[in-house]
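Input: a single structure, listed below in structure tokens.
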Number of protein chains: 2
Amino acid sequence: MTVTIKDVAREAKVSVASVSRALNGVGGVTPATEQRIREVAARLRYVPHGAARSLITKRTHTVGALMPDLHGEFFSELIRGIDLEARTHGLHLLVSSSHNGADDAAAALRAMQGRVDGIVILSSPGVDAAFLKTNLPESLPTVLLNSDMKAGAAAVLNIDNFAGTYAMVRHLASLGHRRIAFVTGPKNNFDARQREAGFRAAMTRLVPGTSPRIVSGDFSEASGYLAGRELLSGKVRPQAVFAANDMMAVGCLQAFKEAGIAVPGDIALVGFDDIPIARYVTPPLSTVRVRIAELGKNAMDLLADLINRPGSSAASVHTLGCDIVVRESCGGASGRNLNHHNQENPSRVESTTKLEGSS
Amino acid sequence: MTVTIKDVAREAKVSVASVSRALNGVGGVTPATEQRIREVAARLRYVPHGAARSLITKRTHTVGALMPDLHGEFFSELIRGIDLEARTHGLHLLVSSSHNGADDAAAALRAMQGRVDGIVILSSPGVDAAFLKTNLPESLPTVLLNSDMKAGAAAVLNIDNFAGTYAMVRHLASLGHRRIAFVTGPKNNFDARQREAGFRAAMTRLVPGTSPRIVSGDFSEASGYLAGRELLSGKVRPQAVFAANDMMAVGCLQAFKEAGIAVPGDIALVGFDDIPIARYVTPPLSTVRVRIAELGKNAMDLLADLINRPGSSAASVHTLGCDIVVRESCGGASGRNLNHHNQENPSRVESTTKLEGSS
DNA sequence: TTGTATGCGTTATCAT
DNA sequence: ATGATAACGCATACAA
């Protein structure tokens, strides 16, 4: 910061060029002088000025992460996955989270110009294809998470919501359930729509001849509670309820408890996400696990590839599979999991291949 | 990126200096030409190159966050708090999380040189006073979180673990409990040590004449489970158990359940942190809440102050109070909280003033 | 092998 | 009010 390459050069009695060469290990310097330069640099605690270097190198060794204002496990695990893998590639992470709406996001995107070599964007309402078209320089390597963009300049990586829901419905059907109800997420949410589509498709294929009840929710616990009550109020009670995320499932659970309906005895219940809470409610919630950190890791790998070999995996679409996590709330396998110390030993079913890409 | 200030200048038929002046709104340009320049810039989608600008400005408008590899709510909420407040100050966030040990941290710190105006560091084993002394340029504004550094070049912001545990013990004592046991965290953890100290002090003052049982844990659920069993195996059973964090309390809960000991009927149980899970276990766990996002916000405010007015709050020590959250697991107030739909309505006690500073 | 000189994109200083 | 030009700290093509 305060000590520059010039200081090192003067102290080591060489030119700045030699210092640069020595410290970057590009050769062209006597081992002796290199040694001397390194010593001086260490003594002076010289650290190259990142901005100055990237100005000429055209490389910042930094990637950006742009995501909406969301709390909880998803955010932290995703960042964790990205950061961990970024370090592997020698990259650093500039985070811009907590933005609400397109304006915030656009400002954040602008601020990242010239500070990042690439960017991972978690789609959200307002931050969609049209938004990116106008706010994203096309030369900037980009990985889109959770996007419904078919193809474009950016690589796309999605959770396989469809396959996840499908596989869970299959599990429920295999347990003998036919009247399976579904609690949807918000209509403007990409994951929510895919999950609902997966559910409908699975029911049509696996439990034909029925028309499943579908009630609306918004991913909140409160909406799940309401949905649970609504499902109980009907003429015939569902045999199983599939909530589009875990928080709504927890809401349902509460509604069922209050109504004196036993889970899974009277009604089976499953969710989606496998948030930490899922293991700790009573009974432990069967759900579809999203390996979030792995999602982040894969996104980072994709991005690193895009950076190192421009155009390599651009316009490709990838999918990360989910796991079916069977605990007690859906019955069938229950009792088996009454293990000591809350250890986890659910049956785990890979619903999709690890990372399926298609360009 | 690809379109520079020169392009705008050429297109607008002015010099680069005028473009710079117009876009930065420093005056010295005719409203007419400013208007023209702005239009051209917008049309060309010109965005200033951050690195180039900060090279001469000496300001990156970015702050760094350095933290160990931790998952879960604490990380995400802290980042959230920091990022949200950073935006308020017009600052961006360069995150380097997920580092294990001093070497990783040192590398991350080096990489941040010249890319940040200041830095927030979450202390961890290995990243302590000595570490900072050698790895941190003293000119860089720094806020230390969770540090036992008394005073130095950096501002320090801590959670008031001591007051939090103290207040919770007071609550337990007010419920009539006298044989209160404690499950410690890892010895090398700053929070853990402070919490234990708070517990010991509180017991000495509030429940004199007893020597409380203290068993070791490491903040993990498994260690809590073991501790719970150990506490049950003693000659006399404690009336209450205070786990140094919630995950260990959850482990205790499991151990008690297996042993057929009712909570809070036979034994009271409390934790620390108020992780999301705490509300959802059965019975809901009373705990000490750490307002993590607020911690991040305060850290950011401190740092912004340090950046804008060098030396202003340096070498100051601040403390953020905790809240006592009374749910059902500690008895006494229980029954009152059997409200519908898992809504939260705990009695909330501010254990410390909002932000107590001392320089 | 080493040093000199140029340029990266921007702001700041000095002319005009 | 506007333009030419010198920094900022570094890497690199070229000269020696």
* Would you check if the side chain of A:Ser139 reaches a backbone N or O of A:Pro137 as a donor-acceptor pair within less than 3.5 Å? => no
* Counting any heavy atom closer than 4.0 Å, what does A:Val14 reach on the DNA or RNA strands: base, sugar-phosphate only, or nothing? -> sugar-phosphate
* Roughly, in whole Å, what's the span from CG in A:Leu23 to P in C:dT2? -> 14 Å
* To do: Take atom CZ of A:Arg115 and atom P of C:dG9, then tell me their distance rounded to the nearest Å.
  => 16 Å
* Any side-chain N or O of B:Ser20 under 4.0 Å from OP1/OP2 of C:dA12? -> no
* To do: Would you please confirm or rule out a distance under 4.0 Å between OP1 or OP2 of C:dT2 and any side-chain N or O of A:Ser15?
  => no
* Distance check: side-chain N/O of B:Lys13 vs OP1/OP2 of D:dT2, anything under 4.0 Å? -> no
* Asked: Separation of A:Asn24 atom CG from C:dT2 atom C1', in whole Å?
  -> 16 Å
* To do: May I have the distance from B:Leu55 (atom CG) to D:dA7 (atom P), rounded to whole angstrom?
  => 14 Å
* Residue closer to the 5' end of DNA chain C, A:Glu34 versus A:Ile56 (nearest nucleotide) -> A:Glu34
* Would you indicate, yes or no, if D:dA1 has its OP1 or OP2 atom less than 4.0 angstrom from a side-chain nitrogen or oxygen of B:Ser18? => no
* **Contact under 4.0 Å: A:Thr30 side-chain N or O vs C:dT2 OP1/OP2** => yes
* **Closest to the A:Arg21 side chain, choosing from D:dA13, C:dT11, C:dG9** => D:dA13
* If you check the A:Lys58 side chain, which of C:dT10, C:dT2, C:dC8 turns out closest? -> C:dC8
* Asked: Is A:Asn158 reaching over with its side chain to a backbone N or O of A:Thr319, donor-acceptor style, under 3.5 angstrom?
  -> no
* Nearest heavy-atom neighbours spanning A:Asp7 and A:Val3 -> OD2-CA, 3.3 Å
* To do: Consider the side chain of A:Lys6, meaning its heavy atoms from C-beta on, and name the nucleotide among C:dT11, D:dA11, D:dC8 that approaches it most closely.
  => D:dC8
* To do: Round to the nearest Å and state the distance from A:Arg59 atom CZ to D:dT12 atom P.
  => 13 Å
* Structure fact -> Note: for B:Ala17 and B:Ala52 on DNA chain D, the residue whose nearest nucleotide lies more 5' is B:Ala17
* Is A:Thr33 touching bases, backbone alone, or none of the nucleic acid, heavy atoms closer than 4.0 Å? -> sugar-phosphate
* **Interatomic distance, A:Ile5 CD1 vs D:dT12 C1' [rounded to whole Å]** => 11 Å
* A:Ile82 to A:Met300 - nearest heavy-atom pair and separation -> O-CG, 3.7 Å
* If you take all heavy atoms of B:Gly114 and A:His49, which pair is closest and at what distance? -> O-CE1, 3.6 Å
* Asked: Of all the choices, D:dT2, C:dT10, D:dC10, which nucleotide is nearest to the side chain of A:His49 once you look at every atom?
  -> D:dC10
* C:dT11 phosphate, OP1 or OP2, under 4.0 Å from B:Arg53 side-chain N/O -> yes
